S.K.: 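Sharing a structure below in structure tokens format, with a few things to ask.
Here, residue 1 is the first one in the sequence, and each next residue gets the next number. This is a predicted model, so every value here is computed, not measured.
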Amino acid sequence: MNYDDPITCLKGIGEKTAALYEKLGIVTIGELMRYYPRSYERFEPPVTIRAAAVMDFAAVWVVICSYPTIKRVRNLSIINTKVRDEEGSELRVTWFQTTYLASVLRPGGWYVLRGKLSGNGKSRTLDQPQVYALDAYEQLQKSLQPVYALTAKITSKSISKAVAAAYDAGVKQKATIPEKVLSQYNLLPEDEAGYLMHFPKDEVQLTHARKTIAFGEFYHFLLGVNQMKKRLLQEKNHFALTRREEVTNLIKQLPYDLTGAQLRTIEEITQDMTGDHMMSRLLQGDVGSGKTIVAFLSMYQAALCHYQSALMAPTEVLASQHYLGFTELSERYHLNLSIVLLTGSMRTGQKKEALRQIREHDADIVIGMKYLYSNMPYSDVGNSTFD
């Protein structure tokens with residue numbers, strides 16, 4: 001059995017179950033092993049009924065006082081019984097649609113009941129609790145139980161069982177991080193970290209495993225970004241941009257002096273935009289550090305070379321603020337730029353007009369929301385170039 005084999009190779013997973021797993025994005029054994037829990041359930045020590053009275057959720061060790069009764073309300077079966085702890089305090093317990101419990105729970109039997117409490121005072125009720133034998137519950141307290149994102153007819157228990165079956169069959173996660181790097185950052189072997197993500201014995205193991213998995217995700221992300229940058233640096237720049245003196249003149253007219261970092265960044269971007277290869281650049285800076293004016297000057301240069309550019313904001317409010325700021329700059333310095341705002345809340349007529357201006361190249365600069373551009377059908381934009 002191998003990492004890339006379909007999950008149907010695992011015992012108990014047939015074609016119908018595999019179709020359910022596919023809804024979770026799990027097709028291969030490897031994908032199953034890397035389907036990590038979204039959280040973990042921690043089993044707290046049982047408390048007395050008196051202590052549970054002030055809690056919303058609790059586990060209590062109790063004895064069944066009476067045979068459970070079944071009451072049917074339309075299509076709903078309600079099972080009720082009373083329980084008592086060692087101190088003699090009593091509590092009502094209710095289950096729904098679990099009639100088999102009426103024949104399982106016998107007066108005099110001791111159990112750990114774990115669930116949500118509702119009501120007040122004497123009407124306090126433990127609703128739909130899980131039922132455990134004391135020794136079984138004590139075993140659960142010694143580990144963290146994985147909780148997975150699920151789909152219909154798939155449970156966390158079934159996923160955990162399938163993952164355990166894969167490891168029992170000797171399947172190992174692929175090693176993708178060099179041992180030297182793992183040692184340098186005090187990380188676990190990837191296969192061990194993956195196993196402990198599913199079956200941690202305690203918080204220490206879980207923390208160490210999470211650190212390794214998170215490091216691996218960032219490690220591969222940065223490798224991918226670096227490879228993409230190398231490819232872009234080799235790809236020819238098909239946009240014939242040239243340096244324009246108008247940009248330099250505008251910088252001189254601004255009512256404030258640009259910082260050395262801003263001027264250096266503008267020069268580096270200009271070199272990239274007018275160079276032989278595609279630009280791949282990330283501009284970082286604190287709030288108020290001048291990223292927006294750097295973007296505006298770069299987009300102004302693109303407009304002077306008869307290309308369109310787009311500035312994408314995460315919210316409509318920020319998009320509108322950028323639109324007003326860019327428009328003010330254009331009008332104050334007579335730049336003759338056509339700036340278009342495109343947001344989701346615009347009326348249909350306004351949106352159609354904005355799209356027309358983009359499509360027919362009447363717009364030099366387009367400002368809008370990131371999700372709007374990423375979800376926009378290509379036919380709505382036409383052959384506009386967004387740099």
Side-chain angles (χ1 to χ4, degrees), residues 1-44 56-59 75-79 94-101 104 112-118 126-133 136-137 139-169 171-174 190-203 205-214 216-217:
M1 194 178 299
N2 298 311
Y3 187 83
D4 296 319
D5 286 344
I7 58 173
T8 49
C9 293
L10 294 171
K11 185 178 179 181
I13 300 183
E15 294 298 332
K16 289 184 178 180
T17 305
L20 297 176
Y21 274 99
E22 190 171 358
K23 293 180 180 179
L24 298 173
I26 300 172
V27 176
T28 67
I29 294 175
E31 289 169 339
L32 172 69
M33 296 171 74
R34 296 186 71 87
Y35 192 75
Y36 300 124
R38 61 177 175 82
S39 63
Y40 298 84
E41 192 169 14
R42 294 152 174 85
F43 287 80
E44 64 285 347
D56 293 326
F57 192 93
N75 295 325
L76 182 65
S77 296
I78 304 174
I79 298 89
T94 300
W95 289 274
F96 304 95
Q97 302 295 76
T98 51
T99 53
Y100 72 92
L101 287 173
V104 173
V112 175
L113 303 185
R114 183 172 183 266
K116 183 178 180 180
L117 290 114
S118 62
L126 184 61
D127 295 326
Q128 199 73 4
Q130 295 170 301
V131 182
Y132 303 93
Y137 191 81
Q139 288 299 315
L140 289 174
Q141 285 183 262
K142 298 177 182 179
S143 63
L144 305 177
Q145 299 302 308
V147 178
Y148 298 88
L150 304 173
T151 187
K153 298 182 181 180
I154 293 287
T155 65
S156 287
K157 188 175 181 180
S158 63
I159 294 177
S160 183
K161 183 178 178 181
V163 173
Y167 276 104
D168 289 344
V171 181
K172 291 185 177 294
Q173 289 203 27
K174 294 179 178 179
E190 291 173 85
D191 185 62
E192 182 181 350
Y195 179 84
L196 292 179
M197 284 292 289
H198 292 285
F199 310 110
K201 290 183 178 179
D202 52 42
E203 297 285 353
Q205 285 190 343
L206 177 59
T207 299
H208 205 175
R210 272 180 167 162
K211 178 184 175 182
T212 301
I213 297 301
E217 291 176 354

S.K.: Would you confirm whether His198, through its side chain, and Ala164, through its main-chain N or O, come within 3.5 Å as a donor-acceptor pair?
M.R.: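 Not at all, since once roles are kept as given, no pair shorter than 3.5 Å links the two residues.
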S.K.: Over all heavy atoms of both residues, which pair between Val171 and Asn2 is shortest? Give the atoms and the distance, please.
M.R.: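 Between these two residues, the closest heavy atoms are CG1-C, 4.2 Å.
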S.K.: What's the shortest heavy-atom distance between Ala169 and Met1, and which atoms?
M.R.: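 Closest heavy-atom pair between Ala169 and Met1: CB-SD, 3.9 Å.
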S.K.: Given Lys172 and Glu190, is the salt bridge (charged side-chain N to carboxylate O under 4.0 Å, His left out) satisfied, shown in steps?
M.R.: CA-CA 9 Å; Lys172 291 185 177 294; Glu190 291 173 85; over 6 Å; no
S.K.: Does the Asp127 side chain pair with the main chain of Thr94, one donor and one acceptor, at a distance under 3.5 Å?
M.R.: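 Between the backbone of Thr94 and the side chain of Asp127 there is no qualifying donor-acceptor contact (under 3.5 Å).
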S.K.: Would you mind writing out the side-chain donor-acceptor pairs for residues 6-19 within the sub-3.5 Å range, not counting sequence neighbours?
M.R.:
none

S.K.: Gln128 side chain to Phe96 main-chain N or O, any donor-acceptor pair under 3.5 Å?
M.R.: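 A pair under 3.5 Å: yes.
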S.K.: Say you draw a straight line from OG1 of Thr207 to CG of Leu196; how long is it, rounded to the nearest 0.5 Å?
M.R.: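 The CG atom of Leu196 is 11.0 Å from OG1 of Thr207, to the nearest 0.5 Å.
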S.K.: From Asp4 CG over to Glu31 CD, what is the distance, rounded to the nearest 0.5 angstrom?
M.R.: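 It is 9.0 Å, given to the nearest 0.5 Å.
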S.K.: Look up atom NZ in Lys174 and atom CE in Met33, then write down how far apart they are to the nearest 0.5 Å.
M.R.: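 That separation rounds to 11.5 Å.
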S.K.: Please report the C-alpha distance between Gln205 and Phe199 in whole Å, then the side-chain angles of each, then the deciding distance to 0.1 Å, and finally whether the side-chain contact (heavy atoms from CB on, under 4.5 Å) criterion is met.
M.R.: CA-CA 9 Å; Gln205 285 190 343; Phe199 310 110; over 6 Å; no
S.K.: Of all the heavy-atom pairs spanning Gly194 and Ile213, show the shortest one and how long it is.
M.R.: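 Where Gly194 meets Ile213 most closely, the heavy atoms are N-CD1, 4.2 Å.
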S.K.: On a heavy-atom basis, which atom in Pro129 and which in Trp95 lie closest, and how many Å separate them?
M.R.: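 Where Pro129 meets Trp95 most closely, the heavy atoms are O-NE1, 2.8 Å.
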S.K.: I want to check something: taking the side chain as every heavy atom from C-beta on, are Tyr3 and Arg34 in contact at a cut-off of under 4.5 Å?
M.R.: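 Result yes, sub-4.5 Å side-chain heavy-atom pair found.
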S.K.: Going by the angle between their ring planes, with limits at 30° and 60°, are Tyr148 and Tyr35 parallel, tilted or perpendicular?
M.R.: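 Correct class here is parallel.
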S.K.: Which value, rounded to the nearest 0.5 Å, describes the distance between Gln97 atom CD and Asn75 atom CG?
M.R.: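 One finds 8.0 Å between CD of Gln97 and CG of Asn75.
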S.K.: Identify, with sequence neighbours excluded, every residue that meets side-chain hydrogen bond (donor to acceptor under 3.5 Å, both in side chains) alongside Arg42.
M.R.: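 Listed in chain order: Glu203.
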S.K.: Compare every heavy atom of Ser158 with every heavy atom of Tyr21, then report the nearest pair and how far apart it is.
M.R.: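 Closest heavy-atom pair between Tyr21 and Ser158: OH-O, 3.5 Å.
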S.K.: I need the minimum non-hydrogen distance between Ser160 and Pro146, along with the two atoms involved.
M.R.: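 Looking at all heavy atoms of both residues, the closest pair is OG-CG, 4.0 Å.
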S.K.: With a cut-off of under 6.0 Å to the ring centre and 45° to the axis, is Arg114 in cation-pi contact with Phe43?
M.R.: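 Yes, Arg114 sits over the ring of Phe43.
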S.K.: Does the side chain of Asp191 come within less than 4.5 Å of Tyr195's, by heavy atoms?
M.R.: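 With C-beta onward as the side chain, the pair stays apart.
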S.K.: Calculate, to the nearest 0.5 Å, the distance between atoms CG and CG belonging to Leu32 and Asp5 respectively.
M.R.: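 Rounded to the nearest 0.5 Å, the CG-CG separation comes to 12.5 Å.
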S.K.: Under 3.5 Å, is there a donor-acceptor pair linking the side chains of Ser143 and Gln145?
M.R.: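 Note: Ser143 and Gln145 side chains meet the donor-acceptor criterion.
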S.K.: Give, for atom OG1 of Thr99 and atom CD1 of Ile79, the distance between the pair rounded to the nearest 0.5 Å.
M.R.: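 Atom-to-atom, Thr99:OG1 and Ile79:CD1 are 6.0 Å apart.
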S.K.: Stepwise, does the side-chain contact (heavy atoms from CB on, under 4.5 Å) test hold for Asp56 with Lys116?
M.R.: CA-CA 6 Å; Asp56 293 326; Lys116 183 178 180 180; 5.6 Å; no
S.K.: Under 4.5 Å between any side-chain heavy atoms of Ile159 and Ile26, yes or no?
M.R.: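 Side-chain contact under 4.5 Å: no.
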S.K.: Under a 4.5 Å cut-off applied to non-hydrogen side-chain atoms, are Val131 and Leu113 in contact?
M.R.: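 Side chain of Val131 against side chain of Leu113, heavy atoms only: contact under 4.5 Å found.
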S.K.: Would you check, one step at a time, whether the test side-chain contact (heavy atoms from CB on, under 4.5 Å) holds for Lys142 with Lys201?
M.R.: CA-CA 7 Å; Lys142 298 177 182 179; Lys201 290 183 178 179; over 6 Å; no
